[in-house]
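What you see below is based on every heavy atom in this structure, not just the backbone, and it leaves out hydrogens, waters and symmetry mates.
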Amino acid sequence: MSNARDQADRLAELLSREHGAMAEFLVALAEFDRQRGWEELGYSSLFWFLHGRLGLSKGVAHYRGAAAELIQAHPEVVAPLRDGRLCLTSILELAKVLTGENSASVLPRYFGLSRREAAEITASIRPVEKPPVRDLVTSVATSPPAATSVATNRDIGVLVQPLEPLLRVTPRPSDSAVPLDEELRRLHVTVSRRLLAKIDMARDALSHTHPGASTEAVLEAGIDLILARHRKRRGVGATAPANPRRAAPARITADVKRRVWARDGGRCQWHLNGGGTCGSTTRLEFDHRVPRGLGGGSEEANVRLLCRFHNQRAARLVYGEVHMSSFAGGSPSAREPCATYAPAA
């Protein structure tokens, strides 16, 4: 029995060290983030540094990055993190409601809670007026459940629970829209993995005009193109061609763009300090290795793909922070990641 107690005491000691080491890591990480050390190393955000340089999984990187940001704003969370009263998985929920005014009363409510329990506390402090509009992807069976003697799935054209009585009803399409209010509808539609992959590619393609676009925005943009093409074919809404004299000449030819895109694999080619390249597929831009302002040409060898963050960073390295800050959006303090992240990805 004494051996078990000794082991328990040893485990408690090790756990205390773990909590302390994690707190020290987060404090150091918060300072690293405050100084934007990740940018100096070529990363577009603290998250990508944690994932790319330190090798943390995206989920772990997300939580630690959120904790570092919370520590910068509220240093009082360090002590409960250090002694284990505050769990790292509850940080995201705590960050939604913690302020300087309510810290003394709100922070203790999250001690010892799981992520789910913390979410319940957050909902009680800041209720959601309307359910969030979100995309939900689930897998479904490809073969229908067994038929009964009453009817078959082929008869009614819908999938039901295996034990649910099948009644002869009017067939309904597999896509159904549920009204939520006067404007919103929840659409349930069964799609293939191929279509989901295309939606992700389309989201990357829209990242300049629609950064972080929802599935609805991606689908609506595609449908708008189909309708515009249909109107053009029918001669509806046709407009006069643009004046060729007013069209700005292309600095990089379409042929060069196609070859550069294929060569770079549709990914940012910025070389990271720790090895490898950025690899982002969002908000990509064609960049001149030797800038045009310094005599660089637009041939394939001098053109590469960069995400917007690294394209701006390349310009700052060449022209300087002061010069680039004179342009809209060129402030060196702008924290614009090269790719939007959802922890679930």
Side-chain angles (χ1 to χ4, degrees), residues 42-45 47-48 51-52 58 62 132-137 175 187 189-233 237 239 242 247-272 276-289 292 298-300 302-315 327-330 334-345:
Y43 293 90
S44 59
S45 67
F47 167 81
W48 289 113
H51 178 60
K58 290 184 177 180
H62 181 66
V133 179
R134 63 177 183 177
D135 301 329
L136 180 63
V137 179
D175 304 345
L187 179 65
V189 54
T190 301
V191 300
S192 65
R193 293 175 60 186
R194 181 182 67 255
L195 178 59
L196 288 177
K198 289 182 178 179
I199 290 175
D200 287 338
M201 294 171 63
R203 184 177 287 111
D204 287 343
L206 288 172
S207 58
H208 282 282
T209 57
H210 299 72
S214 64
T215 299
E216 179 190 11
V218 173
L219 294 177
E220 186 172 11
I223 292 173
D224 286 342
L225 289 176
I226 294 174
L227 296 177
R229 185 175 63 178
H230 176 67
R231 288 193 297 267
K232 183 177 180 180
R233 287 178 175 176
T239 58
R251 297 184 177 180
I252 305 176
T253 65
D255 181 60
V256 168
K257 288 183 177 181
R258 283 192 295 268
R259 285 187 275 121
V260 169
W261 187 278
R263 182 198 68 199
D264 293 349
R267 294 180 177 275
C268 174
Q269 298 301 300
W270 183 266
H271 290 279
L272 300 176
T277 59
C278 168
S280 173
T281 59
T282 63
R283 311 192 79 176
L284 294 175
E285 299 173 349
F286 291 93
D287 171 68
H288 292 80
R289 298 177 186 273
R292 288 174 55 83
S298 296
E299 65 277 6
E300 179 182 351
N302 193 46
V303 179
R304 61 181 173 179
L305 280 178
L306 293 182
C307 63
R308 175 168 294 181
F309 176 89
H310 283 126
N311 196 357
Q312 292 181 354
R313 177 162 176 78
F327 296 94
R335 304 184 66 142
E336 182 182 26
C338 63
T340 304
Y341 167 65

Just one of R258, R289, R259, K257 clears the salt bridge (charged side-chain N to carboxylate O under 4.0 Å, His left out) bar with E300, so which one?
R259

Treating D287 as the side-chain partner and L306 as the backbone partner, does any N or O pair qualify as donor plus acceptor under 3.5 Å?
no

Please report the interatomic distance OG1(T281) to CG(D200), rounded to the nearest 0.5 Å.
8.5 Å

Rounded to the nearest 0.5 Å, what's the gap from CZ on R229 to CG on L227? Could you check?
10.0 Å

SG of C307 to CZ of R313: how many Å apart, nearest 0.5 Å?
11.5 Å

Could you grab the distance from atom CG of L196 to atom CZ of R194, nearest 0.5 Å is fine?
10.5 Å

Residues in side chain to side chain donor-acceptor pair (under 3.5 Å) contact with D224, at least two apart in sequence or another chain:
none

Below 4.5 Å, heavy atoms only, C-beta onward: do T215 and R203 meet side chain to side chain?
yes

Mind checking whether H62 and H51 have side chains closer than 4.5 Å, heavy atoms only?
no

Kindly assign one of parallel, tilted or perpendicular to the pair W261 and F286, based on the angle between their ring planes and the thresholds 30° and 60°.
tilted

Rounded to the nearest 0.5 angstrom, the SG-NE2 distance for C268 and H310 is 5.5 Å

When you look at N311 and R283, which way does the side chain to side chain contact (heavy atoms under 4.5 Å, CB included) test go after all the steps?
CA-CA 10 Å; N311 196 357; R283 311 192 79 176; over 6 Å; no

Out of curiosity, E285 CD to R304 CZ, how far, rounded to the nearest 0.5 Å?
12.0 Å

Please report the shortest heavy-atom distance between A314 and W270, naming the atom on each side.
CB-CZ3, 3.6 Å

4.5 Å side-chain heavy-atom contact, S44 and C278
no

With sequence neighbours left out, the residues meeting salt bridge (charged side-chain N to carboxylate O under 4.0 Å, His left out) with R267 are none

